[in-house]
There are 2 protein chains.
Amino acid sequence: MTRASSRRPGPPTRTERGIPEATVARLPVYLRALTALSDSGIATASSEDLATAAGVNSAKLRKDLSYLGSYGTRGVGYDVEYLRYQIAREIGVTQDWAVVIVGIGNLGHALANYSGFGTRGFRIVALLDADPNLVGERIGDMEVRDFAQLEEIVEADRVSIGVITTPAGPAQEVCDRLVAAGVTSILNFAPVVLSVPDGVDIRKVDLSIELQILAYHEQRKSGEAALPQVPELPAMNGMTDLPSVGGGVGA
Amino acid sequence: MTRASSRRPGPPTRTERGIPEATVARLPVYLRALTALSDSGIATASSEDLATAAGVNSAKLRKDLSYLGSYGTRGVGYDVEYLRYQIAREIGVTQDWAVVIVGIGNLGHALANYSGFGTRGFRIVALLDADPNLVGERIGDMEVRDFAQLEEIVEADRVSIGVITTPAGPAQEVCDRLVAAGVTSILNFAPVVLSVPDGVDIRKVDLSIELQILAYHEQRKSGEAALPQVPELPAMNGMTDLPSVGGGVGA
DNA sequence: AGGAGCTTGTGAACGTGAGAACAAAATCGG
DNA sequence: CCGATTTTGTTCTCACGTTCACAAGCTCCT
Ligand SMILES: NC(=O)c1ccc[n+]([C@@H]2O[C@H](COP(=O)([O-])OP(=O)(O)OC[C@H]3O[C@@H](n4cnc5c(N)ncnc54)[C@H](O)[C@@H]3O)[C@@H](O)[C@H]2O)c1
Ligand SMILES: NC(=O)c1ccc[n+]([C@@H]2O[C@H](COP(=O)([O-])OP(=O)(O)OC[C@H]3O[C@@H](n4cnc5c(N)ncnc54)[C@H](O)[C@@H]3O)[C@@H](O)[C@H]2O)c1
């Protein structure tokens with residue numbers, strides 16, 4: 001995340017409305033768990049119940065919730081509806097956020113067809129693509145529009161969140177356009193590191209990275225002593241007498 | 001991650017081949033950055049160059065790489081090809097891992113059409129779905145097969161990684177089937193917390209959660225003093241005289 | 001009313017991760 | 001061959017995150 005906060009080194013003054021990032025990342029999980037409990041007709045749940053439903057331990061859950069306030073009742077637990085509303089309010093999804101998706105290929109289509117965003121605080125207001133063959137295509141009740149219209153859409157619909165599902169190549173350029181148009185939060189699916197100015201938040205989703213993390217642990221399981229194929233050096237040349245190009249990466 | 005390791009509390013004996021989880025999660029990013037540098041024809045890069053390309057600071061990058069070994073040259077930097085190979089080996093993507101995708105709907109189709117997995121250490125060996133109308137459909141050079149064939153496919157192709165792109169409802173059931181069939185790593189896109197036995201790793205990708213995290217920060221930006229609409233209590237009823245259902249959440 | 005029984009909220013201990021800073025090693029020019 | 005320069009690998013410190021453990025507070029029963 002890109003988020004600088006002026007925190008003086010004094011005592012742990014948590015009162016300044018700063019919720020730890022790790023907690024913020026779990027609040028949506030709690031919200032989902034509460035919604036599920038609510039749908040099951042459960043009116044009250046203990047921290048133990050909630051923790052189980054959210055896949056964390058109860059001490060962590062209680063500490064997380066304590067940052068929001070004191071919304072439980074000792075000896076009883078949490079009122080599901082009430083807590084759900086409080087978390088939704090804290091996250092900021094009591095109203096809908098307008099979202100644009102840029103790059104309506106395989107992944108963009110999938111996202112456009114997904115019905116789950118509406119119920120979770122987001123409203124997709126535009127599907128944008130640079131390919132003239134795609135512009136005009138209908139997906140559900142929306143139509144793919146030209147990326148050139150970005151600026152007017154962002155302004156008209158007060159869009160603050162953009163999703164990038166273009167190939168890696170144009171992603172930075174698309175990102176810059178989004179930021180210039182006024183978008184201040186970006187969810188990036190392209191496998192590149194995007195750079196943005198201060199004040200703009202970026203999150204990435206990279207499936208290859210997720211799979212590679214799994215592969216690492218998988219290797220530890222099956223390997224560890226099973227596979228003797230541990231190639232140490234695939235010809236250690238190139239370390240001596242290098243042209244020493246170096247410093248070729250601009251920033 | 002589900003990963004228990006017997007770590008005695010003695011001195012920080014890092015020598016036992018334990019790479020910090022935070023580092024493991026960044027290795028794929030370094031790998032990608034190195035591949036990009038390599039494709040640009042750059043043969044050597046300093047930690048500063050690499051760090052910029054990977055979007056981290058150079059101290060962190062050097063510390064991360066130091067867990068793998070001493071693969072750089074002081075005063076020079078890192079040989080791009082050599083380091084790339086070492087990281088790929090550490091992650092375990094010098095050979096391909098067989099992957100099955102379960103649930104070939106919107107998202108499953110997008111993943112099936114994605115060409116990026118093959119170049120990153122993964123080979124999709126089967127697309128599975130329970131819907132008879134989908135079975136037999138061709139996607140690229142693959143054909144959707146019946147989920148009932150899971151066990152034989154896992155065994156025949158030595159599949160250790162499964163991807164779940166079914167709706168939330170059947171996800172736990174699908175997960176159980178995958179585990180029973182011998183899959184020990186799962187990437188889950190369904191918005192539910194899956195429970196798996198020890199020894200099985202789970203990672204999740206949840207777009208709604210990502211967007212909600214962005215929304216939280218977005219609210220802090222625009223709000224902070226701008227929006228005075230801070231509803232405190234939406235009728236605090238339901239906390240007194242509760243039927244006290246409690247404990248309704250199974251493990 | 002008072003005590004037993006639960007469950008929350010939180011202080012304190014512990015562990016992990018991030019970043020600054022620097023000594024150690026390598027190259028290069030003279 | 002030596003000293004200046006560069007950049008790694010590592011140490012140290014601080015910040016952050018997790019978990020334990022328990023007092024405080026609530027309900028219910030007698
Ligand atoms: N499809 C997947 O399952 C998958 C998996 C992992 C990562 N990704 C990543 O997600 C991204 C999208 O993948 P995809 O499979 O949908 O790709 P795709 O090629 O199917 O779609 C990309 C779309 O972006 C559009 N586009 C290109 N340049 C543009 C620009 N400058 N402005 C606006 N639109 C532009 C193209 O017209 C195209 O419609 C890629 O970066 C890919 O690496 C995809
Ligand atoms: N599409 C998106 O952009 C998106 C975004 C966020 C999250 N998700 C999540 O990803 C998952 C898939 O989304 P989708 O839009 O592709 O859904 P979808 O309904 O289009 O596809 C789901 C597929 O799973 C299959 N399926 C159902 N039960 C099955 C079973 N027991 N065994 C095997 N296959 C089964 C269905 O036949 C269907 O083809 C959902 O959980 C959704 O919440 C999707």
Side-chain angles (χ1 to χ4, degrees), chain A residues 1 3-15 18-26 44-52 54-79 82-83 86 239-247 249, chain B residues 1 3-5 7-15 18-26 44-52 54-79 82-83 239-247 249:
Chain A
M1 294 297 282
R3 201 99 280 271
S5 77
S6 55
R7 184 174 300 284
R8 61 197 177 291
T13 47
R14 175 64 70 196
T15 326
I19 296 181
E21 194 55 37
T23 296
V24 170
R26 282 187 295 267
T44 313
S46 69
S47 62
E48 198 63 44
D49 297 336
L50 275 179
T52 304
V56 301
N57 80 35
S58 62
K60 183 146 61 180
L61 178 129
R62 284 200 302 278
K63 174 145 288 192
D64 283 343
L65 294 186
S66 78
Y67 292 120
L68 313 194
S70 213
Y71 295 137
T73 308
R74 296 177 193 224
V76 177
Y78 301 89
D79 180 273
Y82 180 63
L83 182 58
Q86 292 300 338
M239 277 313 277
T240 46
D241 60 77
L242 286 167
S244 192
V245 177
V249 180
Chain B
M1 291 298 280
R3 200 99 280 273
S5 78
R7 182 176 302 284
R8 60 198 178 293
T13 48
R14 176 63 71 195
T15 326
I19 296 180
E21 193 56 35
T23 297
V24 170
R26 282 187 294 266
T44 311
S46 69
S47 62
E48 198 63 43
D49 297 336
L50 275 178
T52 303
V56 301
N57 80 32
S58 62
K60 183 147 60 180
L61 179 130
R62 285 200 302 277
K63 172 121 55 139
D64 283 342
L65 294 186
S66 77
Y67 292 121
L68 313 193
S70 213
Y71 295 135
T73 308
R74 295 175 193 227
V76 178
Y78 301 89
D79 180 273
Y82 180 63
L83 182 59
M239 278 312 276
T240 46
D241 60 76
L242 286 165
S244 192
V245 177
V249 180

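Protein chains get the first letters and strands the later ones, always in sequence-line order, with residue 1 at the start of each.
Partners of A:Arg62 under the salt bridge (Lys or Arg N to Asp or Glu O under 4.0 Å) rule, at least two apart in sequence or in another chain, do not exist in this structure. Considering only residues two or more places apart in sequence or on other chains, B:Ala25 meets the side chain to side chain contact (heavy atoms under 4.5 Å, CB included) condition with A:Ile213.
When all heavy atoms are compared, the tightest approach of A:Leu50 to A:Ala45 is CG-CB, 4.2 Å. Taking both residues in full, the closest heavy atoms of B:Ser46 and B:Tyr78 are given as C-CD1, 4.4 Å, listed atom of the first, atom of the second, then distance.
Note that the CG atom of A:Asp64 and the CD1 atom of A:Ile19 stand 9.0 Å from one another [nearest 0.5 Å].
Counting only heavy atoms from C-beta on, B:Pro20 has its side chain closest to C:dG17 among D:dT19, D:dG9, C:dG17. Comparing D:dG9, C:dA26, C:dT7 by their nearest atom to the side chain of A:Ser46 picks out C:dT7. The listed nucleotides are D:dT19, C:dT8, D:dT10; the one nearest the side chain of A:Tyr78 is C:dT8.
For the pair A:Asp64 CG and D:dG17 C1', the interatomic distance rounds to 10 Å; values are reported in whole Å.
Counting heavy atoms from C-beta outward, A:Thr44 and A:Thr73 have side chains that stay 4.5 Å or more apart.
Note on A:Thr73: every side-chain N or O is 4.0 Å or more away from OP1 and OP2 of C:dT8. Using a 4.0 Å cut-off, some side-chain N or O of B:Ser70 falls inside it from OP1 or OP2 of D:dG9.
Each of B:Ala22 and A:Gly69 has a nearest nucleotide on DNA chain C; the 5'-most of these lies closest to A:Gly69.
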N/O to N/O distances under 3.5 Å, protein versus nucleotides 20-23 of chain D:
| unit_1 | atom_1 | unit_2 | atom_2 | d |
| --- | --- | --- | --- | --- |
| D:dA21 | N6 | A:Arg62 | NH2 | 3.4 |

